[in-house]
Amino acid sequence: MKLQYQSIKRKIFNKKRFKKLGWIALIVTVCFLNVACDSITNNSEEKILLTVGIDPTFPPFEMREENNRIVGFDLDILRAIAEQEEIEITIDDRLAFNQLINALEQGEIDAIMSGMTITSKRAEKVEFSRPYFQTGLAITVRDEERKIQSTNDLKNKTIAVQIGTKGARKAENISGAKISQFSSIALALHELKNGNIDAVIHDFPAILYAIKIGNLDGLRIIEKLLTTEYYGIALPKDSEHIDRINDALEALIADRTYDDLYSQWFNSEPRPLPEIAPTLE
Ligand code: ARG
């Protein structure tokens, strides 16, 4: 009887011990899993890999050097954002400007950094970051051209534009205008110089720079801008990365990295940027 009692007691004791060990094991496992899961989510928050579509025909925002390297203001801003937010960036330069939004929608690229004007029409398809540049469209003519002063004077004229740009849309709305579309604005400027077209409509800073680096004398930019536009970085609709891109842009503006890059490329002080671009069709 005594013996039996003892063994029952031991059994109970063992069971208890087993239970206790079980609990400890469970707690340890839960803690371990928690730590493991935490570190996985933290990691994915820290490092993003983004393939960014760039059409390097838009100096000084994105342009190809003779050695084929792509440089420009947009590239420097992108690099600064990448450093700020631990983003690993791959540049995809195979697409023409008018193909970029479609490629973003198809998931072939993860973002667009191409001096892209924020418009409500584009915003139906993409998510724009906060504006990172303010400028506008300008008309360019040959030096000797004196009659063309504004879009009104462009009726029934031949106007060159870059395909898919805001300049192209502006030209489409000019009555009777014949439009020549080019994949790069440098080609359009040569046509203008050669007298094959009457005017070019394109973003003011890009024209200014293209004329300078292309040694295109004999051309004149009409400095009264046709529009006020803001450039943004485009991400897919409802992108989970939009906040990080905006935070990074905000930080670069606040710590003056933005101003430094701006004055390096444009030799002037940047204009203050709104947090949200005014609606532009
Ligand atoms: N800002 C203009 C637009 O959005 C022209 C941009 C052209 N950019 C380029 N990388 N080719 O329509």
Side-chain angles (χ1 to χ4, degrees), residues 51-65 68-78 89 91-105 109 111-140 151 159-174 179-190 199-211 213-214 221 225-235 262 265-266 270-271 273 277-281:
T51 300
V52 182
I54 285 188
D55 166 38
T57 63
F58 197 59
F61 298 89
E62 40 270 328
M63 54 191 171
R64 217 180 271 285
E65 282 184 329
N68 243 357
R69 211 166 70 101
I70 300 169
V71 297
F73 177 74
D74 280 1
L75 274 293
D76 287 351
I77 293 283
L78 202 56
I89 285 175
I91 302 289
D92 184 341
D93 63 348
R94 296 165 308 162
L95 299 159
F97 184 75
N98 63 322
Q99 298 173 318
L100 288 169
I101 290 187
N102 195 32
L104 188 74
E105 284 186 300
I109 51 176
I112 302 170
M113 180 70 162
S114 259
M116 185 171 273
T117 301
I118 300 173
T119 69
S120 53
K121 208 154 177 235
R122 287 174 177 160
E124 286 167 15
K125 299 177 174 175
V126 307
E127 195 81 44
F128 277 111
S129 71
R130 57 176 291 152
Y132 70 89
F133 200 88
Q134 186 210 309
T135 185
L137 293 173
I139 303 170
T140 309
T151 39
I159 306 167
V161 294
Q162 181 176 28
I163 309 170
T165 59
K166 272 290 287 158
R169 290 209 55 210
K170 189 81 188 169
E172 277 161 23
N173 292 330
I174 297 172
I179 298 165
S180 291
Q181 306 219 49
F182 292 88
S183 60
S184 139
I185 214 64
L187 299 173
L189 290 172
H190 278 105
V200 169
I201 298 183
H202 201 55
D203 304 48
F204 175 75
I207 288 286
L208 194 68
Y209 213 88
I211 289 178
I213 58 172
I221 307 176
L225 301 185
L226 310 178
T227 50
T228 302
E229 306 191 2
Y230 295 91
Y231 299 164
I233 302 170
L235 294 160
Y262 192 103
W265 284 103
F266 302 101
R271 295 191 188 91
L273 290 166
T279 320
L280 195 76
E281 217 219 300

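In each ligand, atom 1 is the first atom listed, and ligand 1 is the first ligand listed.
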(message) Listing request: all side chain to side chain donor-acceptor pair (under 3.5 Å) pairs with a residue in residues 179-190, at least two apart in sequence or in separate chains.
(response) none
(message) Quick check on Arg122 - does any of its heavy atoms sit under 4.0 Å from an atom of ligand 1?
(response) yes
(message) For Tyr132 and Tyr262, I'd like to know if the aromatic rings sit close, meaning centre-to-centre distance below 6.0 Å.
(response) no
(request) Identify, by atom number and element, the atoms of ligand 1 in contact range of Glu62, meaning under 4.0 Å from any of its heavy atoms. (result) 10 (N)
(message) Quick test: of every protein heavy atom, which one is nearest to atom 10 (N) of ligand 1, and how far off is it to 0.1 Å?
(response) Asp55 O, 2.9 Å
(request) Specify the closest pair of heavy atoms between Phe97 and Arg122, including all atoms of both residues, with the distance to one decimal. (result) CE2-NH2, 3.6 Å
(request) Find the distance between CG (Leu104) and CD (Gln99) and round it off to the nearest 0.5 Å. (result) 13.5 Å
(message) Can you name the atoms of ligand 1, numbered from 1 with element, that are less than 4.0 Å from a heavy atom of Met116?
(response) 4 (O)
(message) Which of the numbered atoms in ligand 1 are under 4.0 angstrom from any heavy atom belonging to Lys166?
(response) 3 (C), 12 (O)
(message) Give me the nearest non-hydrogen protein atom to atom 8 (N) of ligand 1 as residue plus atom name, then the distance to 0.1 Å.
(response) Ser114 O, 2.8 Å
(request) Examine the proximity of ligand 1 to Tyr231 and report which part, side chain or backbone, both or neither, has a heavy atom under 4.0 Å away. (result) side chain
(request) Mind running ring-ring contact (aromatic ring centres under 6.0 Å, His included) on Tyr230 and Phe128 for me, showing each step along the way? (result) CA-CA 11 Å; Tyr230 295 91; Phe128 277 111; over 10 Å; no
(request) If the plane angle is over 60° it's perpendicular, under 30° parallel, otherwise tilted; pick one for Phe133 and Tyr231. (result) parallel
(message) Closer than 4.0 Å to some heavy atom of Gln162 - which atoms of ligand 1 meet that?
(response) 7 (C), 11 (N)
(message) Among all protein heavy atoms in this structure, tell me which lies nearest to atom 6 (C) of ligand 1, with the distance rounded to 0.1 Å.
(response) Gly115 O, 3.3 Å
(request) Give the single entry among Asp203, Ile112, Thr57 that approaches atom 1 (N) of ligand 1 most closely by any heavy atom. (result) Asp203
(request) Run the numbers on Met63 and Val71 for side chain to side chain contact (heavy atoms under 4.5 Å, CB included), then give the verdict. (result) CA-CA 6 Å; Met63 54 191 171; Val71 297; 4.1 Å; yes
